[in-house]
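In what follows, a structure is listed as structure tokens, so that the remarks can point back to it.
Each chain gets a letter, A, B and so on, in the order its sequence line appears, and its residues count up from 1. Predicted model, so just to flag it, every value in this text is computed and none were measured.
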2 protein chains.
Amino acid sequence: MENPLAAKLSMFADISLDDKAALNWLCDDVRVFQPKCDVIKEGDRPENVFLLVDGWAMRYKVLPNGRRQIMAYLIPGDLCDIHVFILKEMDHCIGLLSEARIAVIPKEKMLSVLDERPRLARALWWSSLVDDSVLREWLVNMGQRNAYDRIAHLLAEMWLRLSVVGRVDGNSMQLPLTQVDLADTMGLTAVHVNRVLQQLRQDGVIELASGTLRIPNIEKLMRVSAFEPNYLHLQPRVN
Amino acid sequence: MENPLAAKLSMFADISLDDKAALNWLCDDVRVFQPKCDVIKEGDRPENVFLLVDGWAMRYKVLPNGRRQIMAYLIPGDLCDIHVFILKEMDHCIGLLSEARIAVIPKEKMLSVLDERPRLARALWWSSLVDDSVLREWLVNMGQRNAYDRIAHLLAEMWLRLSVVGRVDGNSMQLPLTQVDLADTMGLTAVHVNRVLQQLRQDGVIELASGTLRIPNIEKLMRVSAFEPNYLHLQPRVN
DNA sequence: CGATAGTTTGATATCCTTCAAAACCTGTGG
DNA sequence: CCACAGGTTTTGAAGGATATCAAACTATCG
């Protein structure tokens, strides 16, 4: 399968064969991690950059009172901050939602590629600006949408992001999230997430069971969530 | 008054006199803008970077249904994305909350400084990573805290950020926000913000009137909001 | 096949919203 | 210097979305 980062970056720029080779070189140390383990912990001072090659991860934070907020999902092709090592220490954790294959990239290696391949550097810049944009949209989601629209919006976003990296198969995709995960993402309780999901199923918007999400009608999902894809900055609009 | 960006960056690294001169050179085109006007609009393709020298601005988005979400406050020393021009178009607006003095920096100028002053480039990198971190914390705030804690937390954050750039005078600061602004920031209604502010006043946590916020006891504010300043990455802890 | 994680259900509580109106500012023009 | 206009803050009453608690049900996996 193609390098998912190359797939994503080619939404922004033409990635040459040389660039692809450089990306593959970055990914020459791929390790397998078990689900539920933390790749980076709050307080760490990371010396490497991680590139998720396969599987799902999340950024999250646990408050003193025990509540957890998930702040981002990382999917194949996502880098965990190209420049983390600038900060003195991590202010949040990155944990795995599924088994994952992760490329471990020493910072020197990352920096050398950024240095020698300006076109790639620019594309990676674009990618991290898009990550910021996604984060802002999550804030909008939490602040301005009710539970139903909020969950629908998240599912639509993940569907689009996954399709860019070839992880959508027809009208279904893997969704390795429990209802508790969804709750901690959306600022809701698991109980309420459960009821909303039932509603979404009843309305024929989604089919969700045993880790597989089927979207019978993407337009409908987009419509009910008032989804505006511009914030994903996929200029050749997906779909 | 000192360049507020230099003040902020020196929280991260020693900024040399040369670096300061470079920063001042970046800021040689300062323009005055009136409150409530938009500096950048959704859909724009900005060719300049803006540095807020004085006043308050906000990032915000207006949904199709008319609801507004404020996603960040910009205060003196804040850049509106050092690399916006990489994106094809803006996905949100930047509007002014007060009269403001803004340095307009052509992208070439910005890029040349990043190129020639690696230490400064690194410090600006740090700054934009901190901005991301703040955004993530806002998500935590929305998702996991109730209205009272949420507002207290925001006020604590702004107090710290403003003190870094010398905008806190003793135990008071300017807060050019209406209760509607606060509501659109926190995902609450203005009515509820009003009642929570009354509660905060009653509890002796804040004094807020006519655009001035007084915090009689910072420790108390930090305590009630369970404020953990690590996400601001001010290594020599302020206070 | 029992243990454990995840999902579903019901009943009740609460936080926050909605709507509507009054009171209060602040600036402006007469 | 007053009056008026528009934005902002405050108040009250009532409704709704989501939380909380507790228990049952259902998968999944060694």
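Per the geometry, CD belonging to B:Gln198 stands 12 Å off P belonging to D:dT9, to the nearest Å. Regarding A:Leu208, its CG atom lies at a distance of 14 Å from the P atom of D:dA27, rounded to whole Å. With rounding to whole Å, A:Arg195 atom CZ is found 10 Å from D:dA19 atom P. Atom CG in B:Asn194 sits roughly 8 Å away from atom P in D:dT9 (whole-Å rounding). Straight-line distance from the CG atom of B:Leu200 to the C1' atom of D:dT9: 16 Å, rounded to whole Å. At whole-Å resolution of the value, CD1 in B:Ile206 and P in D:dT9 are 12 Å apart. Residue B:Asn146 contributes atom CG, which lies 15 Å from atom C1' of D:dT20 at whole-angstrom precision. Look at CG on B:Leu182: it is 19 Å from P on D:dG7, rounded to the nearest Å.
A residue-by-residue look at A:Ala147 and A:Val191 shows that A:Ala147 has its nearest nucleotide of DNA chain D further toward the 5' end.
B:Gly211 comes within 4.0 angstrom of no nucleic acid atom, judged by non-hydrogen atoms across all strands. Within the 4.0 angstrom heavy-atom criterion, no nucleotide atom of any strand lies near A:Leu197. Among the heavy atoms of the strands lying under 4.0 Å from B:Arg201 are primed sugar atoms or P, OP1, OP2 only; no base atom is included. At the heavy-atom level, A:Ala190 lies nowhere under 4.0 Å from the strands shown. At a threshold of 4.0 angstrom between heavy atoms, the contacts of B:Thr189 include nucleobase atoms, whether or not backbone atoms are also involved.
Distance alone, capped at 3.5 Å, places no donor-acceptor pair between the B:Asp169 side chain and the B:Ser172 backbone.
Listed candidates were D:dT18, C:dT8, C:dT17. Nearest to the side chain of A:His192 is D:dT18. Here the nucleotide nearest the side chain of A:Gln179, chosen from C:dA5, C:dC16, C:dT7, is C:dT7.
In this structure, the side chains of B:Gln69 and B:Met142 come closer than 4.5 Å at one or more pairs of heavy atoms. Looking only at side-chain heavy atoms (C-beta outward), A:Val134 and A:Glu157 come within less than 4.5 Å of each other.
In this structure, A:Trp138 and A:Tyr73 have perpendicular ring planes: the angle between them is above 60°, well past the 30° mark.
In this structure, a donor-acceptor pair under 3.5 Å is absent between the side chains of A:Tyr60 and A:Thr185.
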